[in-house]
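Below is one structure, written out as structure tokens; the observations come after it.
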Amino acid sequence: MTSNQILDLRKKVLEKEFSRMNNMQKEAVFHVDGPLLILAGAGSGKTTVLVNRIANIIRYGNAYASSQISPEFGELDLSAVNNFLAQGTPLPEETVARLAVNPCRPWQILAITFTNKAAGELKNRLVAMLGEPGNDIWASTFHSTCARLLRRDADRLGYSAHFTIYDTDDSRRLMKDCQKALGIDDKVLSYKAILSAISHAKDSMVLPDEFERQAGTDNRLAMIAKAYRLYQSRLKDADAMDFDDLICNCVLLLKNHPDVLDYYQNRFRYVMVDEYQDTNHAQYLLVNLLAQKSQNLCVVGDDDQSIYKFRGATIENILSFEKNFPKAKVIRLEQNYRSTKNILNAANAVIANNVSRKGKTLWTDNKTGDKIGVHTSFSEQDEAEQISKKILEEVANGRKFHDFAILYRMNSQSNTLERMFVKSGIPYRVIGGLRFYERKEIKDMIAYLSVINNPNDEIRLRRIINQPKRSIGDKTIAQASEIAEQVGESLYDVICHADEYEPLKRTAQKLLQFASTMKELVEAAEDETVRLSELYQMILDKTNYIEALRAAEGDEAQDRIENINELASNLIQYQEDNGEEASLSGFLEEVSLMTDIDNYDEDSDSVVMMTMHSAKGLEFPVVFLPGFEEGIFPGIQAIYNPTEIEEERRLAYVAITRAKEELYILNAESRMIFGSTVRNKPSRFIQEIPEELVETSRSRSWKKPQPGTVLPTSSRDARVASTEAARNFGPAEIARGSVPAVRFKPGDSVYHKTFGNGMVVSATPMGNDTLLEIAFDTIGTKKLMANFARLQKC
DNA sequence: TGAGCATAGTTTTTT
DNA sequence: ACTATGCTCA
């Protein structure tokens, strides 16, 4: 064979190996060396490209573009190659190795995403494609990547290896302390304003010194600079970093320690970043530092989906990639595999109204699909009812509950929907809002674990010192804290020796008692034979936390106790997943970098509700978008600001492109917001969708508008109105009676998918349906409609 | 020290 | 409407 023939054959193999990709996708997969910018539209298969590109790099290296031929190429098993080309018989590994040019080991690849969910999905797909070696690829979020690098070399920055990660609540508490120490009145300069200024500073790598210099004579900024400085020094004393510090400190580590930088630059031959449009300056620096030597940086993004500008993301990073890397190859993925033509065209039409964008038009081979349902209801309750009706109707026609998603602009919109769903017996889950790890009792338990792990963590120590109540008040804590500062010891140490300090005499007994409890727990934590779950149980036993909770809250305690047990099972899960590796600081890190959306599992059959922001990266067969009204979406604060309108429009684009098959957009003529009823005009985004893609309907006909803001007050009125509405909403008839009518009587034992086992207390016939009152074993008594509740007799 | 009442502030938030 | 926070008073 001539070398040209060899190269040709090799290309054929690669083309065949990745033949499921379209041409543009293949181009991205085969561009291995050198900077690469992939502009990937919504639903264009960017994760698939990322996965296949990594697989290509690991298996074949740069074989596609290279003219190098490995010396063993001559021993190539030609019949295996031909079988593969002709019938797709898998290639033996050694044949792959002979075809490869400079392939890469899995652990030399770093793939960074924004969410744990995205990282998890990437990892799963890599393992599915590459088998066990896929696990060695570093696929993680910015924050956990940084945490990992920092754990290894934290001492270089003056932190210990088991530093604590502060969440926003911890930061808030700490800043309040700083305000107090500096005599800053929150009304003059709020902790929120300070924290947000600091966060932005860190995003752009502005440290306290620099901040102070930039502040100049501006009083306000000078004050913030002081607070910033104090805040950082307290964080360091507590051996803690906030979220922004993880990135910021990591950049500092690499910048100021050439040997560390060198190590990672050699280690990571290929760096990939997903959702690049959402990176901030610090993240940009991090990525650039890591990839500077190899120049093998591949970023994937979509300027039209940049929706986190308010958090410091700078679209500049994507717009100027070509400037930073003049040799960068740019690939556009414009074929959408997710949505119907109608949905995609609607999204294209809306986003076309934005001026500042790179500009691209998605297209699809998918079928045209149904028109987009735009429904005007008369109130937010009605809106919720329309959605419930539609869902039940489609479920009766064979859809599953988990096919539906409701995406809204603000979390508070979920309340009305939730109430309606409970009433209709529709199983649902709300993602976001008050998160699991933000609940008081969970934060308390985490705080106990944190203090055991790192007694210097003053913020969390103060959180638990009187939780449960130990009669240790703010005064005492302030006093102890002052002493700690004076003698240069940590608060924890002062409390351990409370009897030695005159001012603490009166409460010394209580403090010492608390200290001895903590000491026992610390000892247990250090004891290798005590497992994490046992430690957790010890905390509960020794603090009497649950008993105190019951005493204080009575009935409400049940939920909280369940949460505490839920955390215990998380802990056990972590223990099982990590075996010998499991450690307290490991668990704490995982917890502090985890969010609700990570726990969202698609398997459970329920409707999912979340904000449009959280929905980025997800897709659903049927999507409802309630609240498309001027003042809600776009939000009131965006209406007079063209830049913000563009950001809102990008959010609309994200929301619309989540839908695969059906899309329903709703607006209400009037709605209750912040306590008062307002009448909003339909959102401009509705008008931006071409008429021919839309089928409109409304709950109240134009002909007989009710005067003023009189809304149906009795449930009977609402029912009459909404039956009429249901007729107008979408082409299909409501499937009444298609739900098998099972008879229930008081005393029956029943099972409900969401609520578990229970017993029927009462059954009241109501129209065609029966109102059941059911006492559930776990959550108490609920009222459900028999036809909608999907109950099983048992 | 803790309970009870007044008041303010309510967009989104991958970590 | 709702909730979380802060302030006052016992």
Side-chain angles (χ1 to χ4, degrees), chain A residues 112-120 140-147 165-173 176 186-187 190-192 195-196 199 202-203 241-248 250 274-275 277-280 282-283 305-313 380 407-413 415-416 431-435 437-438 440 466 469-477 506-507 510 552 589-598 600 610-618 627 631-639 644 647-648 650-652 654-655 671-677:
Chain A
I112 304 180
T113 63
F114 272 79
T115 62
N116 292 310
K117 187 176 190 331
S140 55
T141 63
F142 265 105
H143 290 83
S144 46
T145 305
C146 288
I165 299 171
Y166 272 9
D167 64 16
T168 36
D169 184 60
D170 299 316
S171 300
R172 215 190 73 230
R173 284 162 183 260
K176 284 188 171 176
D186 194 74
K187 287 190 188 89
S190 69
Y191 66 88
K192 268 189 185 163
L195 281 173
S196 126
S199 177
K202 287 179 179 174
D203 284 350
M241 297 189 199
D242 67 18
F243 287 139
D244 300 318
D245 281 335
L246 290 175
I247 314 287
C248 204
C250 202
D274 196 6
E275 307 280 12
Q277 75 280 356
D278 290 331
T279 50
N280 60 37
Q283 289 163 333
Q305 290 188 68
S306 157
I307 52 173
Y308 283 108
K309 217 178 56 190
F310 70 96
R311 293 187 36 187
E380 79 265 35
L407 312 178
Y408 34 74
R409 180 65 237 263
M410 23 180 193
N411 281 125
S412 58
Q413 285 176 266
N415 293 336
T416 317
I431 310 285
L434 19 108
R435 297 183 188 150
Y437 289 103
E438 277 167 17
K440 265 189 217 83
N466 199 29
K469 300 258 182 292
R470 299 187 178 90
S471 307
I472 302 172
D474 291 343
K475 263 249 168 68
T476 313
I477 299 167
R506 208 147 28 106
T507 38
K510 305 250 166 57
E589 176 166 324
E590 199 174 289
V591 160
S592 53
L593 296 179
M594 182 136 73
T595 55
D596 249 21
I597 191 129
D598 307 328
Y600 161 65
M610 65 180 95
T611 63
M612 300 177 192
H613 280 90
S614 330
K616 191 161 76 152
L618 306 176
I632 306 274
F633 187 50
I636 189 85
Q637 61 329 294
I639 280 180
E644 296 223 15
E647 175 122 340
E648 297 279 286
R650 286 194 291 273
L651 186 56
V654 168
R671 101 168 45 229
M672 189 82 115
I673 190 152
F674 302 146
S676 50
T677 305

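A note on names: the letters A, B, ... follow the listed sequences, proteins ahead of strands, and every chain is numbered from 1.
The 5' end of DNA chain B is approached more closely, in terms of each residue's nearest nucleotide, by A:Arg470 than by the other of A:Leu246 and A:Arg470.
The residue A:Lys469 sits close only to the backbone: its heavy atoms come under 4.0 Å of sugar-phosphate atoms, none of a base. Contacts of A:Asn415 with the nucleic acid, taken as non-hydrogen atoms under 4.0 Å apart, are absent. At the heavy-atom level, A:Met612 lies nowhere under 4.0 Å from the strands shown. If you check every strand for non-hydrogen atoms under 4.0 Å, A:Thr476 touches sugar and phosphate atoms only.
If you measure from atom CD of A:Gln277 to atom P of B:dT13, you get 17 Å, rounded to the nearest angstrom. Between the C1' atom of C:dT5 and the CG atom of A:Asp169 lies a distance of 13 Å, rounded to the nearest Å. Rounded to whole Å, the distance from NZ on A:Lys176 to C1' on C:dA4 is 9 Å. If you take NZ of A:Lys510 and P of B:dT1, they are 9 Å apart, rounded to a whole angstrom. Between the CZ atom of A:Arg671 and the C1' atom of C:dC2 there is a distance of 17 Å, given to the nearest Å.
Using a 4.0 Å cut-off, no side-chain N or O of A:Thr115 falls inside it from OP1 or OP2 of B:dT13. Close to C:dT3, at under 4.0 Å from its OP1 or OP2, lies no side-chain N or O of A:Lys440.
Ion pair A:Arg409/A:Glu648 flagged as a salt bridge, since at least one NZ, NE, NH1 or NH2 atom sits closer than 4.0 Å to an Asp/Glu carboxylate oxygen. A salt bridge does not link A:Arg311 with A:Asp278: every distance from a Lys NZ or Arg NE/NH1/NH2 to an Asp or Glu carboxylate oxygen is 4.0 Å or more. Remark: A:Asp169 engages A:Arg172 in a salt bridge, criterion side-chain N to carboxylate O under 4.0 Å.
A donor-acceptor pair shorter than 3.5 Å cannot be found between the side chains of A:Thr113 and A:Thr141.
Ring geometry, A:His613 versus A:Tyr308: the interplanar angle falls from 30° to 60°, so the pair is classed tilted.
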Under 3.5 Å, which protein N or O atoms sit close to an N or O of nucleotides 5-12 of chain B? Give each pair with its distance.
unit_1	atom_1	unit_2	atom_2	d
B:dT12	OP1	A:Asn411	N	2.9
B:dT12	O4'	A:Arg409	NH2	3.2
B:dT12	O2	A:Arg409	NH2	2.3

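Judged as a salt bridge (Lys or Arg N to Asp or Glu O under 4.0 Å), and not counting sequence neighbours, A:Arg470 has no contacts.
Not one N or O on the side chain of A:Asp242 forms a donor-acceptor pair closer than 3.5 Å with the backbone of A:Ser171.
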